[in-house]
**Q** 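Mind looking over this structure? Questions follow.
The first residue of the sequence shown is numbered 1, and numbering continues consecutively from there. What's counted below: heavy atoms across the whole structure, side chains too, no hydrogens, waters or symmetry copies.
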Amino acid sequence: PTDSNSLVLILFAKYIQATNNIQFLTTHYQTIQSMIKWNQNQTNHQGLISEGYYAGWADSVKKKGTVLYTNVLYTESLRSAAILAEHCGIDSDVALYNTKHQALIKALNTHFWNGSYFIDWIDGSHRQTTFSTEANALAIIFDITTPQQSAAMVNYIKENNLLEMGCCPTVYPFYKKKYAYPPFHLINLSDYHNGLQWLWVSCVMGAALHKAGAHQEANQLLDKISRLIIKHKTVYEVYNKDLSPVDRLFYKSERGFAWSSGLFVWASKQSKQV
């Protein structure tokens with residue numbers, strides 16, 4: 001998976017900022033550098049990570065090449081690496097990672113920005129122009145967008161009524177069926193990352209909307225999620241379009257889903273800080 005190292009680096013920086021556990025940081029700093037090196041070894045001549053099929057979180061979708069979600073996380077991981085280097089007092093690494101961070105923001109804007117949002121992925125001459133919800137939301141949260149770009153995204157979301165589609169869709173418009181993992185067609189799960197509702201995506205979007213200044217829309221989205229959690233007395237992994245937990249012959253949505261649960265708590269906290 002191409003997102004794991006970046007996610008751990010982001011988490012590591014947040015942990016160190018919260019605890020100032022420098023001994024833990026110095027013990028594992030070589031590992032951190034190895035993770036960064038692995039990420040860099042996956043990059044193309046543009047400095048962006050290039051991946052094969054099914055390598056990101058949406059691993060039932062046939063994405064390939066430079067994927068927005070992966071590279072948004074990679075960009076933030078470099079800022080996190082600079083924070084970790086600063087806590088270690090390694091000024092050369094701070095400068096290096098900050099420079100790479102700014103270069104990646106520029107690359108994302110050059111190759112992915114279409115005037116309204118960042119497109120989904122690029123594979124050679126193919127430009128997949130779908131709106132990847134979680135990736136664009138994270139771009140706002142991680143300060144990759146300018147205020148003007150964030151406002152353009154909010155306008156796109158409103159104009160296309162994305163907040164009225166259950167909670168918030170993973171992608172808009174939905175992918176063509178040819179992009180689904182082929183065996184999932186056989187078990188009636190080709191909509192796993194392409195139509196079903198993931199609460200963690202809506203939580204990230206709620207936080208992004210708050211940061212972009214769309215407080216009313218953010219509060220309405222988080223309220224909808226709250227009511228859904230209360231209704232079912234738990235957090236499910238994934239929901240149908242009518243927001244009922246998925247319950248099919250070959251697949252049942254997991255109960256007590258930690259990813260969405262944690263991000264709901266975090267998003268709710270963000271809403272109280274604006």
Side-chain angles (χ1 to χ4, degrees), residues 3 6-20 57 68-84 101 105 108 117-118 131-158 162-172 197-232 234-239 243 256-274:
D3 54 354
S6 296
L7 286 167
V8 172
L9 287 165
I10 294 166
L11 175 63
F12 206 140
K14 300 238 178 247
Y15 169 76
I16 295 301
Q17 286 177 305
T19 66
N20 200 36
W57 88 271
L68 179 64
Y69 168 76
T70 299
N71 283 286
V72 165
L73 288 178
Y74 178 41
T75 301
E76 179 64 8
S77 77
L78 287 168
R79 180 164 69 169
S80 298
I83 291 169
L84 293 169
H101 172 252
I105 291 177
L108 287 173
Y117 58 87
F118 292 109
F131 179 83
S132 176
T133 305
E134 81 291 337
N136 278 282
L138 288 171
I140 294 174
I141 291 168
F142 293 153
D143 297 313
I144 292 172
T145 58
T146 65
Q148 293 76 18
Q149 288 175 315
S150 298
M153 283 189 197
V154 171
N155 287 336
Y156 180 84
I157 290 166
K158 289 180 179 179
L162 299 193
L163 302 179
E164 307 302 322
M165 300 172 65
C167 278
C168 193
T170 303
V171 63
Y172 180 82
Q197 304 279 337
W198 295 75
L199 290 197
W200 80 265
V201 173
S202 293
C203 291
V204 170
M205 179 53 73
L209 289 169
H210 268 303
K211 186 159 189 176
H215 304 305
Q216 180 179 349
E217 290 80 2
N219 286 333
Q220 289 173 346
L221 181 57
L222 292 173
D223 181 67
K224 187 183 296 184
I225 298 169
S226 302
R227 294 176 185 276
L228 187 61
I229 293 171
I230 292 168
K231 177 181 178 181
H232 295 293
T234 188
V235 176
Y236 282 94
E237 177 192 11
V238 67
Y239 298 76
L243 295 182
F257 193 58
W259 194 358
S260 295
S261 302
L263 277 170
F264 173 72
V265 174
W266 173 80
S268 299
K269 183 178 181 181
Q270 303 310 303
S271 70
K272 291 176 171 58
Q273 294 178 345
V274 295

**Q** Does Glu76 have any salt bridge (Lys or Arg N to Asp or Glu O under 4.0 Å) partners at least two apart in sequence or in another chain, and if so, which?
**A**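 Expected list: Arg79.
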**Q** Quick one: CG on Leu222 to SG on Cys203, what's the gap to the nearest 0.5 Å?
**A**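 Between Leu222 CG and Cys203 SG, I get 6.5 Å after rounding to 0.5 Å.
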**Q** For Tyr74, what residues pass the ring pair (Phe, Tyr, Trp, His ring centres under 6.0 Å) criterion, not counting sequence neighbours?
**A**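 With sequence neighbours excluded, Tyr74 shows a ring pair (Phe, Tyr, Trp, His ring centres under 6.0 Å) to no residue whatsoever.
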**Q** Decide yes or no for Leu209 and Ile140: does some side-chain heavy atom of the first lie under 4.5 Å from some side-chain heavy atom of the second?
**A**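 Not in contact.
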**Q** What residues form a ring pair (Phe, Tyr, Trp, His ring centres under 6.0 Å) with Trp266, not counting sequence neighbours?
**A**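 Counting only residues at least two positions away or on another chain, Trp266 forms no ring pair (Phe, Tyr, Trp, His ring centres under 6.0 Å).
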**Q** For residues 200-210, which residue pairs qualify under salt bridge (charged side-chain N to carboxylate O under 4.0 Å, His left out), counting only residues two or more places apart or in two chains?
**A**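 Applying salt bridge (charged side-chain N to carboxylate O under 4.0 Å, His left out) to every pair that reaches into residues 200-210, excluding sequence neighbours, yields nothing.
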**Q** Please name all residues satisfying ring pair (Phe, Tyr, Trp, His ring centres under 6.0 Å) with Phe264, sequence neighbours left out, ordered by chain then number.
**A**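 Here no residue qualifies.
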**Q** Please verify the inter-ring angle class for Phe131 with Tyr117; under 30° counts as parallel, over 60° as perpendicular, anything in between as tilted.
**A**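 Perpendicular.
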**Q** CG of Asn219 to OG of Ser268: how many Å apart, nearest 0.5 Å?
**A**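 Here the interatomic distance stands at 10.0 Å.
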**Q** Please name the pair of heavy atoms, one in Trp200 and one in Tyr69, separated by the smallest distance, quoted to 0.1 Å.
**A**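 In this case the closest contact between Trp200 and Tyr69 is CH2-CE1, 4.5 Å.
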**Q** Heavy atoms only: give me the nearest Val201-Cys168 pair and the separation to one decimal.
**A**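 Looking at all heavy atoms of both residues, the closest pair is CG1-O, 4.4 Å.
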**Q** Can you tell if the side chain of Trp198 reaches within under 4.5 Å of the side chain of Glu134, non-hydrogen atoms only?
**A**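 They are not in side-chain contact.
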**Q** Side-chain contact, heavy-atom cut-off 4.5 Å: Asn136 with Val72?
**A**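 Not touching, per the 4.5 Å side-chain cut-off.
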**Q** What is the minimum heavy-atom distance between Leu263 and Val204, and which atoms define it?
**A**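 Residues Leu263 and Val204, closest heavy atoms: CD1-CG2, 4.0 Å.
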**Q** Measure across Gly206 and Ala218 and return the closest heavy-atom pair with its distance rounded to 0.1 Å.
**A**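 Result for this residue pair: O-CB, 3.3 Å.
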**Q** Mind checking salt bridge (Lys or Arg N to Asp or Glu O under 4.0 Å) for Asp223 and listing every partner two or more places apart, or none if nothing turns up?
**A**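 For Asp223, the residues satisfying salt bridge (Lys or Arg N to Asp or Glu O under 4.0 Å) (neighbours in sequence not counted) are Arg227.
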**Q** Nearest 0.5 Å, what's the CD1-CD distance between Ile225 and Gln197?
**A**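 Result: 10.0 Å between the selected atoms.
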**Q** Can you list everything that forms a side-chain hydrogen bond (donor to acceptor under 3.5 Å, both in side chains) with Thr70? Sequence neighbours excluded, please.
**A**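 Thr70 satisfies side-chain hydrogen bond (donor to acceptor under 3.5 Å, both in side chains) with Thr2, Glu51 only.
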**Q** Going from CD on Gln149 to CD1 on Ile144, what distance comes out if it is rounded to the nearest 0.5 angstrom?
**A**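 Rounded to the nearest 0.5 Å, the CD-CD1 separation comes to 10.0 Å.
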**Q** Can you sort out the partners of Tyr239 under side-chain hydrogen bond (donor to acceptor under 3.5 Å, both in side chains), two or more places apart, ordered by chain and number?
**A**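 If we apply the side-chain hydrogen bond (donor to acceptor under 3.5 Å, both in side chains) test to Tyr239, skipping adjacent residues, there are no hits.
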**Q** Please test Thr75 against His101 for side chain to side chain contact (heavy atoms under 4.5 Å, CB included), starting from the C-alpha separation and ending with a verdict.
**A** CA-CA 6 Å; Thr75 301; His101 172 252; 3.6 Å; yes
**Q** Please identify each residue that fulfils side-chain hydrogen bond (donor to acceptor under 3.5 Å, both in side chains) with Thr133, with sequence neighbours left out.
**A**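 Applying side-chain hydrogen bond (donor to acceptor under 3.5 Å, both in side chains) to Thr133 gives none.
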**Q** As an exercise, state the distance from CD of Gln216 to NE2 of His210, rounded to the nearest 0.5 Å.
**A**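 One finds 11.0 Å between CD of Gln216 and NE2 of His210.
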**Q** By side chain to side chain contact (heavy atoms under 4.5 Å, CB included), which residues pair with Gln17, not counting sequence neighbours?
**A**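 Ile83, His87.
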**Q** So do Leu73 and Phe142 actually touch side chain to side chain, heavy atoms under 4.5 Å?
**A**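 A side-chain contact exists here, since the closest heavy-atom pair is under 4.5 Å.
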**Q** Taking all non-hydrogen atoms of both residues, which atom of Val235 and which atom of Ser260 are closest, and how far apart?
**A**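 Between these two residues, the closest heavy atoms are CG1-CB, 3.6 Å.
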**Q** Provide the closest heavy-atom pair for Leu199 versus Cys167 in the form atom of the first, atom of the second, distance.
**A**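 Where Leu199 meets Cys167 most closely, the heavy atoms are CD2-SG, 3.9 Å.
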**Q** What I'd like to find out is whether the side chain of Met153 reaches to under 4.5 Å of the side chain of Phe118, using heavy atoms alone.
**A**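 Contact flag for Met153/Phe118 side chains = yes.
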**Q** Tell me, please, which residues at least two apart from Lys158 pass salt bridge (Lys or Arg N to Asp or Glu O under 4.0 Å).
**A**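 For Lys158 the salt bridge (Lys or Arg N to Asp or Glu O under 4.0 Å) partners, ignoring immediate neighbours, are Glu217.
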**Q** Go through the structure and list residues passing side-chain hydrogen bond (donor to acceptor under 3.5 Å, both in side chains) with Ser150, not counting sequence neighbours.
**A**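 Partners of Ser150 under the side-chain hydrogen bond (donor to acceptor under 3.5 Å, both in side chains) test: Thr145.
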**Q** If we ignore hydrogens and angles and just use 3.5 Å, is the side chain of Lys211 paired with the main-chain N or O of Gln270 as donor and acceptor?
**A**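 No, the answer is negative, given that no donor and acceptor are paired below the 3.5 Å cut-off.
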**Q** If we only count heavy atoms from C-beta on, is the Ile157 to Met205 side-chain gap below 4.5 Å?
**A**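 Ile157 reaches Met205 side chain to side chain.
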**Q** Looking at OG of Ser80 and CG of Leu7, how far apart are the two atoms once the value is rounded to the nearest 0.5 Å?
**A**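 Reported value, rounded in 0.5 Å steps: 10.0 Å.
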